[in-house]
Amino acid sequence: MSKRKSPQELRSHRWLGVSDLRAFGHRSRLRQGGYDAADFAGKPVIGIINTWSDINFCHTHLRARAEDVKRGILQAGGFPIELPAMSLSEPFVKPSTMLYRNLLAMETEELLRSHPVDGAVLMGGCDKTTPGLIMGAISMGIPAIYVPAGPMLRGNWHGEVLGSGSDAWKYWDEKRAGRIGEEQWQEIEGGIARSYGTCMVMGTAATMMAIAEAVGMTLPGASSIPAADSGHPRMCAQAGRRIVNMVWEDLTPQKILTSAAFDNAIRVHMAMGGSTNAIIHVVAMARRAGLPMDMKRFDDISRQIPVLANIRPSGDLLMEDFFYAGGLRALMAELAHTLDLSCLTVTGKTVGDNIAGAEVYKPDVIRPFNNPVSSAEATAVLTGNLAPNGCVMKPSAADPRLLRHRGPALVFEDYNEMASQIERDDLDVTPDHVLVLKNGGPKGGPGMPEWGQLPIPTKLLKIGVKDMLRISDARMSGTSYGACILHVAPESFVGGPLALVRTGDEIEVDVPARRIHLQVSDEELARRRAAWAPPAPRYPRGYGALYSQHIGQADEGCDFDFLAPLGAIPEPEIH
Ligand code: FES
């Protein structure tokens, strides 16, 4: 551990500690805010990057929780300043929050850089906020701790437990098939989201919060605490106390985020049966930290780690059950023999120290290695002539009969075409067809919307078909399930082979062999390629144009090319 910093070595000293006209201006403005020298002189200034907003109900409590964080910072002798950042509310932001993850990362980095901040508390949880905040903090490089919003309470309808997303898809299909009516549908709408907090299935939010903890960026156990539990504000205050000492210790993300730490996080991801979206985010986070990372790492680890967390969509239960069963510390203790226990974390201690003494209280929720939730892996990365740079699938959430499948393609050129066709009773489709959606990728969506769980055609739903093979360059909500092959790279919009598929082409998928193959000759594909014309750019100006020019493909983590490299950026001039 580095020696403790002196007050003169604090970054904020340049703004607040020196004796010149600019520092006079800074201090006089703090006094304008009612603060005195005793409040800030020689103290670490902690920026609280808060993604609370009126339109993000996953983060409703973060407004109050920021006060708990401040309480902890003040107790430990720091000076808190809250810096609001974009909220990226998953249910409301269109076309996709993924379009804006990098914008949040930029905002986080630049908020920290441009203000007199020595350390950061990152408050988020709703899907893209976790990677966005952490990517920005990595690039900024000052000590940072992540405070997860925590999952909401279980949903409830007529005594049935409802899970975010997963049960919406399930009951929507029931409604489309005529098995429930409008009144029951309305009741479900009122019962599926009962409290503030993130989605409480193993969706992207729960996955990314767990990954943030496993990689060492949260306090131990923080990611499992339900948002409405009194342990949550206590964790927030503790994080506030801890960040002040992290500043004195100069415990930066760079010291925590090693290749071994990311491997630990991927192992946890697999054991949780985590969202496929996390693959994109972890690749981006690791590359921000200057580490090599690609999708193959997930496939390699997936083969070693079974799904242990019995949480939907791979299992039956919800994050609240997971918390009562011992939470992430207990799961990591179950995985301990596979983890690098020497990795450093924000506590200043190792992963091994943090999980010492953790116990599984409910072995039906957190399963032992010899009794996993699923024998199918949580993630498979396939390659072949249809996805030369890879694509991903979640075998544990798919009908096993579709893990080896060959069938004719039914191609939709874009989402609107799919939406206009899928309900048709005369659609020429059988359960053996492979549904293909184009133009759902990073540039084509744009923003890789979560369209990858294409609806089962109504005609097939009515005869009881529950799963089909579906292929796209889009993403899928972590709350979704089904034999959906996602993130096909390169995407169709930039001329990836997916752009060349036509209805009737045979597609063969062999998940155990990690293979995806379009049964069309190379000569025919070359002819189709010669006839293919790139679509017009989506955006003529603005952020969208910047995004389109610089966004990477899914296998690269979808970061901007100018943000991804590691490297010091000059500190702002203080004149
Ligand atoms: Fe916010 Fe799912 S909508 S976490």
Side-chain angles (χ1 to χ4, degrees), residues 50-63 65 85-101 104 122-134 146-155 161-170 172 188-213 218 222-229 232 269 272-278 280-281 309 311-314 318-320 322-323 328 394 397 447-453 475-481:
N50 193 354
T51 53
W52 171 88
S53 86
D54 258 339
I55 192 73
N56 191 342
F57 302 97
C58 304
H59 294 181
T60 296
H61 56 310
L62 295 188
R63 192 180 214 181
R65 296 293 188 270
M86 66 191 308
S87 190
L88 297 188
S89 178
E90 193 66 28
F92 293 97
V93 170
K94 293 193 190 309
S96 162
T97 51
M98 191 62 188
L99 188 70
Y100 299 106
R101 182 201 66 182
L104 174 61
L122 312 168
M123 302 188 73
C126 192
D127 289 24
K128 313 306 178 295
T129 56
T130 303
L133 288 163
I134 293 178
Y146 172 70
V147 168
M152 69 174 91
L153 300 176
R154 298 184 191 101
V161 172
L162 297 179
S164 315
S166 304
D167 280 303
W169 323 129
K170 177 176 143 186
W172 179 240
I188 292 168
E189 188 174 298
I192 199 166
R194 290 175 46 232
S195 79
Y196 46 80
T198 67
C199 294
M200 74 321 231
V201 297
M202 188 45 61
T204 305
T207 305
M208 289 309 302
M209 291 189 289
I211 283 175
E213 178 171 339
T218 78
S223 66
S224 315
I225 305 172
D229 192 284
H232 196 269
H269 174 241
M272 297 287 269
S275 161
T276 46
N277 285 326
I280 298 175
H281 302 318
I311 305 173
R312 300 177 198 185
S314 293
L318 297 175
M319 286 303 294
E320 196 178 337
F322 184 71
F323 178 61
L328 194 70
K394 193 169 183 175
M448 276 186 100
E450 293 183 334
W451 295 337
Q453 189 198 28
R475 295 176 302 116
M476 168 174 100
S477 166
T479 64
S480 301
Y481 48 85

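Basis for what follows: all heavy atoms, side chains included, without hydrogens, waters or symmetry-related copies. First listed ligand is number 1; within each ligand, the first listed atom is number 1.
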| field | Derivation and outcome, side chain to side chain donor-acceptor pair (under 3.5 Å), residues Arg475 and Thr204 | value | CA-CA 11 Å; Arg475 295 176 302 116; Thr204 305; 5.6 Å; no
To the nearest 0.5 Å, what is the distance between [atom1] on [X] and [atom2] on [Y]?
X	Y	atom1	atom2	answer
Asn56	Thr129	CG	OG1	7.5 Å
Ile55	Leu88	CD1	CG	13.0 Å
Met209	Thr218	CE	OG1	10.5 Å

| remark: Taking 2.8 Å as the strict upper bound, atom 2 (Fe) of ligand 1 has protein N, O or S neighbours numbering 1
| said: Classify the ring geometry of His61 against His232: parallel below 30°, tilted from 30° to 60°, perpendicular beyond 60°. | reply: tilted
| task | Please examine the side chains of Arg65 and Trp52, heavy atoms only from C-beta on, and report whether any two atoms are closer than 4.5 Å. | result | no
